[in-house]
Amino acid sequence: MDFTSILNRGIRRFIDKNLKKRKFGKCEACKIPTLLIEYVEPDDSTSVWILCERCYTAILDTEDEV
């Protein structure tokens with residue numbers, strides 16, 4: 001992983017977590033009611049996930065491993 005991809009990942013996480021449009025509801029992955037983040041698949045822009053912060057971070061971490 002190069003510096004640019006690490007920087008872009010950090011910028012993406014900051015924007016997604018601090019977006020004013022976060023809403024309260026149930027996470028699609030773990031079904032826990034909390035503040036939600038909208039995650040758009042990088043390869044397929046039509047698939048959108050509404051996730052809690054913990055599931056969002058887990059997906060981004062697994063995305064980085066690949």
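Remark: Cys55 SG to Ile32 CD1 distance equals 7.0 Å, nearest 0.5 Å.
Connection of Leu51 to Leu60 is established within a shared hydrophobic cluster, with ILVMFWY side chains joined at heavy-atom distances below 4.5 Å, either directly or through further cluster members. No continuous path of ILVMFWY side-chain contacts below 4.5 Å connects Tyr56 to Leu35, so the two sit in separate hydrophobic clusters.
Residues Cys27 and Leu36 are in side-chain contact: their nearest non-hydrogen atoms beyond the backbone lie under 4.5 Å apart. For the pair Arg9 and Ile11, the minimum side-chain heavy-atom distance is 4.5 Å or more.
Residues Glu41 and Trp49 share a closest heavy-atom pair of OE2-NE1, 3.3 Å. Considering every non-hydrogen atom in both Glu28 and Val48, the closest pair reads OE1-O, 4.1 Å.
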Verify side-chain hydrogen bond (donor to acceptor under 3.5 Å, both in side chains) between Asp16 and Tyr39, making sure each step is shown before the conclusion.
CA-CA 8 Å; Asp16 289 344; Tyr39 172 75; over 6 Å; no
Going through the distances and angles, do Arg22 and Glu53 end up as a side chain to side chain contact (heavy atoms under 4.5 Å, CB included)?
CA-CA 11 Å; Arg22 287 181 66 180; Glu53 189 168 342; 4.0 Å; yes
Report the C-alpha separation of Thr34 and Cys52 in whole Å, then their side-chain angles, then the decisive distance to 0.1 Å, and conclude whether the side chain to side chain contact (heavy atoms under 4.5 Å, CB included) test is met.
CA-CA 6 Å; Thr34 185; Cys52 65; 3.3 Å; yes
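In this structure Thr4 satisfies the side chain to side chain contact (heavy atoms under 4.5 Å, CB included) test together with Asp2, Asn8, sequence neighbours excluded.
Other residues, nucleotides and ligands place more than 12 heavy atoms under 6.0 Å from the CZ atom of Phe24. For Arg54, the CZ atom counts as loosely surrounded, since its 6.0 Å shell holds 12 or fewer non-hydrogen atoms of other residues, nucleotides or ligands.
Under 4.0 Å is where a charged nitrogen must lie from a carboxylate oxygen, and between Arg13 and Asp61 at least one such pair does.
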